[in-house]
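Report on the structure given below.
Only heavy atoms go into these numbers, but all of them, side chains included; no hydrogens, no water, no symmetry mates. Chain A is the first sequence line, chain B the second, and so forth, proteins listed ahead of strands; every chain is numbered from 1. Only a predicted model underlies this, so the values are computations on that prediction, with no experimental measurement involved.
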Protein chains: 2
Amino acid sequence: MTEAAPSAPSPRRRDRAATRAALLEAARLRFSRQGFDGTGVREIAADAGVDAALVFRYFGSKEKLYAEAVHVEIPQGLTDGPPRPLTRVTDELLYDVVFGDWEKFDGEHPLLVMLRSAHRPAVRDQLRDRLCDGYLRDFAERLGGGDAALRAELIGALLLGMGVMRSVVGSPALTEATFDETRLLVARLVRTLTEPRADGVG
Amino acid sequence: MTEAAPSAPSPRRRDRAATRAALLEAARLRFSRQGFDGTGVREIAADAGVDAALVFRYFGSKEKLYAEAVHVEIPQGLTDGPPRPLTRVTDELLYDVVFGDWEKFDGEHPLLVMLRSAHRPAVRDQLRDRLCDGYLRDFAERLGGGDAALRAELIGALLLGMGVMRSVVGSPALTEATFDETRLLVARLVRTLTEPRADGVG
DNA sequence: CGATGAAGTCAACGATTGATGACTTATGCT
DNA sequence: AGCATAAGTCATCAATCGTTGACTTCATCG
């Protein structure tokens with residue numbers, strides 16, 4: 001530090017990239033907490049410590065800011081790469097979606113955040129795309145059988161529902177349960193959908 | 001009909017109860033489609049064919065209108081009454097939450113509708129209350145065992161997640177699947193959580 | 001030091017928001 | 001018919017919304 005800490009709250013050196021990043025971070029938090037409609041651009045800009053006009057200079061519109069701030073990055077090598085046992089994959093997914101802290105998104109997985117603004121067509125489309133084509137497609141291919149796609153979506157529904165119960169609803173048992181407790185139960189459920197039935201089906 | 005159809009679009013006879021009901025119905029649809037923040041009171045009033053001021057005359061505020069329009073009625077005799085097999089109960093719950101049409105709520109179960117505005121504390125509290133105390137409590141009591149509450153919430157998560165996948169996300173397989181197809185899979189999953197494990201657990 | 005361009009601020013726009021109170025109109029009773 | 005009351009409308013308020021363009025301030029280079 002070449003100069004002493006200024007008495008005034010740091011006026012922050014002018015830096016386009018840093019300001020853009022600060023806006024993105026503030027937007028992520030606000031959109032996560034309050035949804036798209038419940039968040040104003042002035043609110044976001046105030047959190048970032050700049051004027052609201054910069055939102056439109058850097059992102060064009062509130063919609064484009066949302067699209068860039070809230071998006072789902074599918075973890076590399078989760079479904080592609082060398083095949084691993086499916087319960088192993090769902091283990092990681094369980095930790096990712098349900099038990100991950102996701103502090104950048106106010107504690108929720110971006111999928112759950114997008115759920116909150118899913119009535120907007122753009123959000124809904126991205127949500128379906130990431131979930132079905134990103135996560136569940138390889139699931140279905142690996143499962144095999146006639147209703148593979150359906151069973152894959154049931155696994156997705158379980159994990160998504162658990163995330164909702166934990167972070168959105170705040171149900172007591174799932175909120176206080178440890179990862180290992182739940183992991184065993186989920187593994188049993190996944191195995192039920194994976195293994196062919198021992199007894200006659202219909 | 002004592003009089004012929006009027007040429008002008010029916011001016012609707014002045015009727016407090018009917019107008020209140022029309023406002024409630026319009027509010028339910030709009031709030032379901034667009035969430036609390038994305039819906040304006042003028043929009044609702046226009047759908048009902050009256051002035052927006054009546055919203056405040058009849059309900060006091062937009063919040064109170066939402067509270068009265070969107071709420072979860074727990075079906076009578078679902079969990080209470082004479083005990084039935086749990087897969088039977090989840091069958092009805094599956095039909096209710098995931099496959100019911102709920103035309104009054106634009107096709108979604110009110111639980112899923114409330115999910116869309118769950119960032120508001122009032123909505124979130126009602127959601128947790130209805131889900132945990134209304135649906136899942138008797139589930140947990142009936143399940144028994146150490147982690148009964150957790151397993152009950154897993155069933156709730158599955159059903160809730162399926163509802164989300166079907167109506168909010170619009171995932172293909174679950175959307176096109178019939179009730180009977182899914183019912184068997186869900187029954188298998190519930191049985192997995194219900195029956196004690198045959199092999200050693202830990 | 002002085003100029004140049006970018007980074008950031010400011011003021012304002014038109015539209016819309018939830019909400020209020022005064023006003024008008026229709027309905028029902030006598 | 002005429003009056004009283006409730007049902008419904010209208011105008012409007014103060015705030016806030018997303019968005020824009022002109023303006024100011026800072027950093028950098030010659």
Phosphate oxygens OP1/OP2 of C/dT25: is one of them under 4.0 Å from a side-chain N or O of B/Arg14? no

With B/Asp106 as reference, evaluate B/Arg33, B/Gln34, B/Arg28, B/Arg30 under the side-chain hydrogen bond (donor to acceptor under 3.5 Å, both in side chains) test and give the passing residue. B/Arg33

Mutual orientation of the aromatic rings belonging to A/Phe36 and A/Tyr66 [parallel < 30°, tilted 30-60°, perpendicular > 60°]: perpendicular

Going through the checks in order, is the side-chain contact (heavy atoms from CB on, under 4.5 Å) test met by A/Phe179 and A/Leu94? CA-CA 8 Å; A/Phe179 172 60; A/Leu94 175 68; 3.6 Å; yes

Are any of the side-chain heavy atoms of A/Leu189 and B/Leu158 separated by less than 4.5 Å? no

Within the 4.0 Å heavy-atom criterion, would you say B/Tyr58 contacts the bases, only the backbone, or no part of the nucleic acid? sugar-phosphate

Closest-nucleotide ordering on DNA chain D, the 5'-leading residue of B/Arg42 and A/Arg42: B/Arg42

Full working for side-chain contact (heavy atoms from CB on, under 4.5 Å) between B/Phe59 and B/Leu54: CA-CA 8 Å; B/Phe59 302 96; B/Leu54 284 188; over 6 Å; no

Give the minimum heavy-atom separation between A/Ala26 and A/Ile44, together with the two atoms involved. CB-O, 3.6 Å

Distance under 4.0 Å to a non-hydrogen atom of chain A counts as contact; along DNA chain D, which nucleotides mark the start and end? D/dC17 to D/dT28

Applying ring pair (Phe, Tyr, Trp, His ring centres under 6.0 Å) as the test, list every pair that has at least one member in residues 119-174 of chain B; sequence neighbours left out. none

For DNA chain D, determine which residues of residues 16-32 of chain A have any heavy atom closer than 4.0 angstrom to one of its atoms, and list them numerically. none

